[in-house]
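Letters A, B, ... mirror the listed sequences (proteins, then strands); counts begin at 1. Worth saying up front: this structure is predicted, and the values here are computed from it rather than measured.
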Amino acid sequence: MSQLEFNVNGRPVRLDVPESRYLAEVLRLDLGLTGTKIGCNEAECGICTVLVDGAPVNSCIYPAFKAQGARVETIESLSADGALHPLQQAFLDHGATQCGICTPGLIMTAKALLDEKQSAGAPVTEAEIKIALKDTYCRCTGYQSVKNAILQAAGIESPPYLPEVKHPGAVIGRPLPNPDSRAKVMGTALFTDDYRFPGMVVARTKRAGVAHARIRSIDISKAEALPGVLAVLTWKDVPGRNLHGLVTIDWPVLCQDKVRYAGDAVAIVAALDDEAAEAAIDAIEVDYEPLPAVLDPIEANRPDAPRVHEHRETGNLLKHIKVRKGDVRAGFDEADVVVERTYRTPRTEHLFLEPECSIGVPADYDPTDFGGTHDPESRRGVTHRHDKVAVYCGSQIPRLDVSQIAASLALPEERVRVVACLMGGGFGGKEDIAAQIHVALLAERVKRPVKMLYSRQESLLFHPKRHGTVIRIRTGATREGRLTAVEAELYGDGGAYASLSEKVMTRATTHASGPYDVPHVKVDCYAMYTNNTPCGAFRGFGVTQSCFAVESNMDLVAEELGMDPIAFRRHNILDVGKTTCTGQVLQESCGLGECLDWVERDMRAYHEARGEPFRWSWNEGSKRYAWGLAVGYKNTGLGGGAPDKASAICRVYLDDAGRPRAEVRTTSAEMGQGLPAVLAACAAEELGLPYEDVRVLLGDTDVCPDGGPTTASRQTYVSGNAARHAAMQVRDKLAAVAASRMQAPIEEIAFSGGAVRHGDTTIPLVEVVAWASEEQGGEIEAEYEYWAPRTQPLGTGGAMHFAFGFGAQAALCCIDEETGRVDVLQIVTANDVGRAINPLTLQGQIDGGIVMCLGNTLTEHYVMEEGVPWTSVMARYKMPGIKHAPKIVSRLVEHETADGPFGAKGVGELCSIPTSPAITNAIVHAVGVRFLCLPVDQDALLRAMRAGEQEVAQGWGYRSAVTPLMAGTEEPASV
Amino acid sequence: MAIAHPFLYEKPGTVKQALQLLAQHGAGARVLAGGTDLVGQLVDGLVRPEIVVDLKGVPDLQEIRMEKDVIHIGALATFTDIMESPLIRKKLPVMAEMTEWVASRGVRNRGTMVGNICSAVPCCDSGPILLVYGGKVLVKSARGQRAVPIAQWFTGPRRTVLAPGELVLGVRVPDPGKHGGAFVKMRRYKGEDLAQASVTALLLAGNQWRIAFGSVAPTPIAGKRVEKLLHGKRLTPALVEEAVALTDQETAPITDIRSTREYRAHMLRVMMRRALEAAASRKAGRGPAYGTELI
């Protein structure tokens, strides 16, 4: 311990801290300034940026003692007097904060730039913003809103980028900041790691580190004996089910007889501090007998392959998924052109910037035992919380976490509470159980709150990724440009545990003929177990992969036919009355044609502005430019016959100042997509209340009804409907009261502008609420359980999904002939979203989805070597930074869907699906090289260009060529 | 995540005190300047020192100054200090150009050039720059002081001639006079340095050239054949192509997970061409401004 004296946010601070502590830790732990976030501990992500003597530094690796005598500024300093700093206001106005975890880092980095420019008396330029922010990452926004916000804060005219909305309502269709954005720009929003409980201790996990091995013995005696160690648990200490899982329950809470991937958990530790916990992990001795590992999904299907799960009847085959429509043999007989290729997509990482964190709080926990006071959170619950074990975590499926924790702890579900906190990004990667069960076990054992915070490196090692796939696809078309048949075979590397592999690969399969009317389709997909890191949900849910294959083949067929790629697609796209490959006849809301029209128009507009005719490609010096295009579609909701429902509570009450307000509650999760904005807008529109007067509470299973999983682009649709209907029921109750007092027919009562109206009579809502409370003896509340339209299982030929989103994208790329570097300069996109509920948050999702998938296309590959990730640190995983972000031109197409809230359907995944093939199709137009694998590596591209090769089958990060596909199980061609 | 390994921390107020600590602890001592490299190694447990000697309390070590014909860069001068120094921008513009491409702003604000050459990783960008400018490393110990030419400084990956008990006070670079130059670094994409190889070219008075390569060998290396070829000649397109062709003989790039040998070799040729052309045009007062991306 030494004394550290410095100035933080204008206040002198003096404290004793250990020499090994970093500035971020001193700020967060010692000073309680949790606005500064930690994302990687590698100085890679930049979200921990604070200013030391005015200069931005990565506080996560900045030794605290280097700040001795310095002046430190954190996000909390910007709005110390309650008023927002211009940067904070601009981030709000532009929707430049989504999940919010990187927001403090982005704002502080930008502040240093603006301060510097201001003192030099010079205006800030876009180029300077890009240089200053190039190492401060954001995974949600796609940076367009961030850049515009910084320009605005610098006093340069730069309005938020908003696509046009067809029929805005009072609230619906209006650009409004997410209700939680203010706290996020101020740094006061609490993520899981920001919660502190008196008496809280820390936890760590002992991970396998090897891909496949039998456990001979686990010796924890040395670890238990270490000072500061409170508990060391193994499989023997799991009182209930020692497994978890979302569909198939096959993932050990703590491994007993063998480990199946390098990230498997073998033991967990609770200790007084990090040092003791680390030492305990090192002292646990596990004796392994190495087993041969299976690391390739195609080899995994061979009868002699090592078994990942010994007792499964189907061996390593998790699921064979089939789509049959018509007779593909006949379809190919009709074709004049047939194209077949095998594509490959890599395992990729969500890289949500907040690593997983869980806090377990034991039943009967009393903070006063540890010198604390009762925390205000405990007042949230309507039930008595102290007989429950509580888990605070970032989770996309809080209600299911309750069931899984209860099963493993052998507790009734009523004894478990999950408080899903704000998530610093999820993208599908926070659906599986992380440490929720572990912290509950440890908390119950040591009878103290226990926090398990994963390091970035542990997060990379442990959590399920996007599936690596091999997709062989054969497409046939007539000379006139009509598709006749698609036949495909897919292999998905699901890794060691099932996670959502079956569902993800089903979605890849059912979308494998693209958004086209294809008369004859046969698809076989094999979801495989291997000893790699498990794969599960990731924005796009399998469709990202199959779309890459489908849309690459579409361009190849168009080229063979000598047809324009847009015209060829237009001949074949799905529309109302057409049938998908699973036999679903589309009844409504299919705006793909309009999306294509917009994209074509905007591509042409680019050239018109330059006073030249449209062209797909051109050269300037050593630079080759080209457009590429792709379309995509994505189901909204679970589909396939799964019951799909969400519940919400709406409550109207008078606040302390006597103002009428509404509250919406559900367990559905916010991870940066803007759900609170949607729910608040739905309720505000129905209640005639100002948007600002609706608050949204998410994720606490004690007080929120079940909104179901936040997955499958479903929340706007299902929870939006639940919130809307709950608000309508509340409105009906108020209307009944108003009608009787106003002596008017109930159907003539209207709600708008915070008032209740009948003819010329207007009564402030506050009075009606008071009357109603008086009559009903309390607050006016309604709970609504919304059931989405029924769907049918795959294979029945019925409607598998109740809605689909459709989209088109064109990418303008520039390729440096001498270096192979690919720059994406612009994306023009149009998306059929049914109805835009909030164009600000909607555009944020579109921008972010595009840039996320730009990374998927150009740089991202979670590389594994012999079952152990080479991508072990963030520095080895390159996600797009602000310098990669293209200009995005976006159009909304609003073909309303009958049952969606105000006609809306999902967009969260859709927007990222066509990006990869749009870019690779552009590369073909530019330099004549087609990538059959992702990511597009500039090294492989340049070598292909120089060698005159037209196709690249093995790009960066793949250790070997594609294993030859085995013939699928013989099936009759027609079913 | 904190550093789990405990160590003593000292912040001496003078060079003399620092040297005493280093003499006392020998190989068990590690010197902390910016900490961008050392801290990472501490976190990963790659080094486990008894004591960390923080130089930040030693006055004057952050200075960048001109003494007669020599530019002195103190051990605590950060990459940002160098990048923003009017003296460096005027006298050693290629050094300023290099610093703009070091890691991120948050790292440049802490990381020092002296720390960079002391950690001596093969991708150290300061090495090639000091090679072309003929820099010397000023080393002091309880026994005395010596100046090591940078060409003799690196002995292998993460290895230098620095002995236990010795402290680097700074680097000294002779004023090169009027010159032009370019630092070109290969990146997978803008601002990212996955593949890391670099070419540095310097054109001095009398058509004397200095060439250096980074990340193509265990240590930064000089491009002697290219220097010899170009010596005293006016740069012509044909001469550029001859120099480019020689690049293959100067370097022996490897294939690893980040990049292939073939691509690295090709890129070294592209970088050589762009560096020579930019250096010549910059010396003539034309050409792209220093800091412009050349690749």
Side-chain angles (χ1 to χ4, degrees), chain A residues 2 18-22 25 38 41-44 46 48-49 52 55-59 61-63 65-66 68 109 112 131-136 273-275 278-279 453 455 816 818-823 858-859 863 865 870 876 878 880-881 883-884 937-940 942-943 946 956-957 959, chain B residues 1-11 32-40 42-45 51-52 54 56-57 78 80 84 100 103-111 186-195 255 257-260 262-264 266-267 269-271 273-274 291 293 295:
Chain A
S2 297
E19 289 77 10
S20 58
R21 197 159 272 193
Y22 299 117
E25 293 175 317
I38 299 177
N41 281 304
E42 294 178 31
E44 274 296 318
C48 63
T49 301
V52 175
V57 300
N58 299 124
S59 64
I61 58 147
Y62 191 94
F65 278 92
K66 290 192 67 72
Q68 188 77 264
T109 311
I131 290 173
L133 272 82
K134 80 177 178 64
D135 302 292
T136 308
D273 53 37
D274 291 336
E275 289 76 5
E278 296 272 350
L453 168 66
S455 66
D816 184 329
E818 283 190 294
T819 65
R821 191 170 102 182
V822 179
D823 284 309
L858 295 180
T859 54
V863 179
E865 291 184 313
W870 177 82
R876 291 183 170 182
K878 287 297 178 190
K883 290 194 80 174
H884 306 111
D937 175 42
Q938 66 186 53
D939 180 332
L942 189 97
R943 281 183 284 124
R946 289 169 58 80
W956 179 69
R959 309 305 284 159
Chain B
M1 191 196 305
I3 300 164
H5 162 73
F7 52 82
L8 292 170
Y9 170 88
E10 289 287 347
K11 194 170 174 183
L32 178 71
T36 51
D37 183 69
L38 178 61
V39 172
L42 287 170
V43 170
D44 295 343
I51 181 171
V52 167
D54 187 350
K56 209 180 171 209
T78 65
T80 302
E84 291 174 353
E100 290 187 29
S104 64
R105 191 145 183 236
V107 169
R108 288 194 300 273
N109 281 338
R110 290 179 45 213
M186 172 169 156
R187 307 174 187 93
R188 194 163 284 272
Y189 289 95
K190 276 182 266 186
E192 295 167 4
D193 25 343
L194 272 176
T255 292
I257 195 163
R258 292 186 161 96
S259 205
T260 60
E262 189 187 349
Y263 185 70
R264 283 195 167 105
H266 167 81
M267 288 300 288
R269 292 192 291 269
V270 173
M271 292 191 288
R273 183 180 300 114
R274 294 187 185 184
E293 275 185 70
I295 196 164

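- The line from NZ of A:Lys66 to CG of B:Leu32 is 5.0 Å long, rounded to the nearest 0.5 Å.
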So B:Lys56 and A:Gln68, side-chain contact (heavy atoms from CB on, under 4.5 Å) or not? Walk me through it. CA-CA 10 Å; B:Lys56 209 180 171 209; A:Gln68 188 77 264; over 6 Å; no
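- Under the rule for a side chain to side chain donor-acceptor pair (under 3.5 Å), the partners of A:Ser2 that lie at least two apart in sequence or sit in another chain are A:Glu19.
- Closest approach of A:Phe65 and B:Lys11 over heavy atoms only: O-NZ, 3.9 Å.
- Formation of a donor-acceptor pair under 3.5 Å by the A:Asp939 side chain with backbone atoms of B:Thr260 is found in this model.
- The part of A:Asp816 that comes within reach of chain B is its side chain, from C-beta onward, which places non-hydrogen atoms under 4.5 angstrom from that chain.
- For chain B, no part of A:Glu44 is nearby; none of its heavy atoms comes within less than 4.5 Å.
- The distance from the CD atom of B:Glu293 to the NZ atom of A:Lys883 is 4.0 Å, given to the nearest 0.5 Å.
- With a 4.5 angstrom heavy-atom cutoff, A:Thr819 touches chain B via backbone and side-chain atoms both.
- Neither the backbone nor the side chain of A:Val52 comes within less than 4.5 Å of any heavy atom of chain B.
- Using a distance-only test at 3.5 Å, with no hydrogens or angles considered, a donor-acceptor pair links the side chain of B:Arg110 to the main chain of A:Ile61.
- Highest contact tally toward chain A, considering only B:His266, B:Met267, B:Glu262, is held by B:His266 [criterion: heavy-atom pairs under 4.5 Å].
- Contacts between B:Val107 and chain A at a heavy-atom distance below 4.5 Å involve backbone atoms as well as side-chain atoms.
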